[in-house]
Amino acid sequence: MELQTSTCDLVERFKRGEQGAFSLLFGKYRRRLAVLVHYTMSDDLRSRLEVDDILQEVFLAAAQGLERFNYQSPGSFMAWLSRIADHAVVDAARYENRQKRRAEEMLSFKTESNPNGAEPMDLMTPSRVFAQRESAQALLRKMDVLSPEYREVILLAKFEGLTMFEISKRLGKSRESVALLLHRALMRFREIELGPENQ
C-alpha cells in the first residue's frame, strides 16, 4: 500500500500518531519557511541567530500544536506555519534583546531529566542538511537581487501561500495588478543567474 504524502494526508497521519509523517512535513515545508523566516528577521537578528534556530522553534511549536490545526485548503498549512514563524521571530528578537531566558529553555528535548520533552523531528543526515542549506542560500541570494516590490509579492504568493485576492488586499492593488506584478517578478527571478562565486 502506497502512503499518501499530500499535506492533508501527512497532517492526518501525524494526528493518528505516526511520527514519521511530521518529518515528511518538515522536509516538504522547510525550504519555503526558511526563506520566509530569513526575510522576516531583521538584519541585526540575522547577525546573531541562524534561520535554522528559528525553524527549529517553528517546527517544535507546530508539532505541539498540530492536534488543534484544521486543514481547510491547500495553502492553509503554510499560512498556519507562517503565523507560527512570525511569533517565533518576535519571540527570538525579544529573547535576544532581553537575554533573560536560558538557551535550554527555548528548546527542551527529551532527556533522562526531562522525559516529557519533545522528540527531535529532524532526522536528516548532516550531508542532506548541508545540501538543503546550500540550496536555500542560493535561493536567498537570488531573492536578494530582486527589487523589494518583486521580492515582497513572491514571498506573499509562493512562501506565505496567499491568494491573489489576499495579496491585492494587503498591497492595496487590484488583482490584475498583483497578477501582473507576480508574473514579472517570477520572470525576473528565473532570469537571475548566480555566478560560481555566489552559488
Side-chain angles (χ1 to χ4, degrees), residues 7 22-63 74-75 77-97 103 106-107 120-164 166-167 170-171 178-199:
T7 299
F22 193 79
S23 292
L24 293 172
L25 280 169
F26 181 89
K28 189 173 186 174
Y29 285 92
R30 185 186 184 291
R31 183 173 167 191
R32 286 172 58 192
L33 207 53
V35 171
L36 186 64
V37 166
H38 174 85
Y39 285 108
T40 303
M41 295 171 72
S42 66
D43 291 337
D44 183 50
L45 189 57
R46 276 196 308 262
S47 72
R48 292 182 280 148
L49 275 178
E50 294 286 326
V51 169
D52 285 341
D53 296 333
I54 302 293
L55 284 181
Q56 187 66 38
E57 287 295 318
V58 171
F59 282 106
L60 178 62
F77 187 70
M78 184 62 192
W80 183 68
L81 286 176
S82 297
R83 287 190 301 275
I84 294 172
D86 288 342
H87 291 290
V89 169
V90 168
D91 288 346
R94 287 180 183 150
Y95 169 76
E96 286 295 315
N97 289 335
M106 289 205 43
L107 188 61
M121 291 296 166
D122 187 2
L123 304 175
M124 295 180 65
T125 64
S127 61
R128 286 184 181 162
V129 170
F130 180 75
Q132 275 191 345
R133 187 172 292 161
E134 289 298 308
S135 175
Q137 291 300 321
L139 180 62
L140 290 173
R141 284 190 291 276
K142 283 180 77 170
M143 292 289 288
D144 284 340
V145 172
L146 294 172
S147 70
E149 185 179 42
Y150 282 0
R151 185 171 41 245
E152 180 180 28
V153 75
I154 288 175
L155 287 171
L156 293 173
K158 300 301 181 183
F159 293 92
E160 287 191 40
L162 299 181
T163 64
M164 286 296 144
E166 293 167 327
I167 296 169
R170 187 170 299 179
L171 297 181
V178 168
L180 183 59
L181 179 64
L182 180 60
H183 173 74
R184 289 178 177 162
L186 290 172
M187 284 184 58
R188 175 66 185 118
F189 180 81
R190 290 181 188 115
E191 291 170 353
I192 296 170
E193 296 211 16
L194 297 174
E197 69 282 352
N198 290 326
Q199 289 186 358

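If you read the sequence from its start, that first residue is 1, and numbering goes on from there. Keep in mind that this is a model prediction, so the values were computed, not measured.
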As an exercise, state the distance from [atom1] of [X] to [atom2] of [Y], rounded to the nearest 0.5 Å.
{"X": "D86", "Y": "I54", "atom1": "CG", "atom2": "CD1", "answer": "11.0 Å"}
{"X": "L186", "Y": "L146", "atom1": "CG", "atom2": "CG", "answer": "9.0 Å"}
{"X": "L155", "Y": "S82", "atom1": "CG", "atom2": "OG", "answer": "10.0 Å"}
{"X": "R30", "Y": "L81", "atom1": "CZ", "atom2": "CG", "answer": "13.0 Å"}

* Qualifying residues under salt bridge (Lys or Arg N to Asp or Glu O under 4.0 Å), relative to E160, sequence neighbours excluded -> R170
Could you check if a side-chain atom of [X] sits within less than 4.5 angstrom of a side-chain atom of [Y], using non-hydrogen atoms only?
{"X": "R151", "Y": "V145", "value": "no"}
{"X": "E57", "Y": "D53", "value": "no"}
{"X": "L156", "Y": "V153", "value": "no"}
{"X": "E152", "Y": "L171", "value": "yes"}
{"X": "M78", "Y": "L36", "value": "yes"}

Determine the minimum heavy-atom distance between [X] and [Y], stating which atoms define it.
{"X": "L140", "Y": "Y39", "value": "O-OH, 3.2 Å"}
{"X": "A34", "Y": "L55", "value": "CB-CD1, 3.7 Å"}
{"X": "L49", "Y": "A92", "value": "CD1-CB, 3.6 Å"}
{"X": "R31", "Y": "L139", "value": "NE-CD2, 3.6 Å"}
{"X": "F22", "Y": "F59", "value": "CZ-O, 3.3 Å"}

* Under 3.5 Å, side chain of Y150 to main-chain N/O of M143, donor-acceptor pair present? -> no
* **side chain to side chain donor-acceptor pair (under 3.5 Å) contacts in which one or both residues fall within residues 180-192, not counting sequence neighbours** => none
* To do: May I ask you to decide whether D43 forms a salt bridge with R46, counting only side-chain N to carboxylate O separations under 4.0 Å?
  => yes
* To do: I would like to know whether L24 and K28 meet side chain to side chain contact (heavy atoms under 4.5 Å, CB included); could you show each step before the answer?
  => CA-CA 6 Å; L24 293 172; K28 189 173 186 174; over 6 Å; no
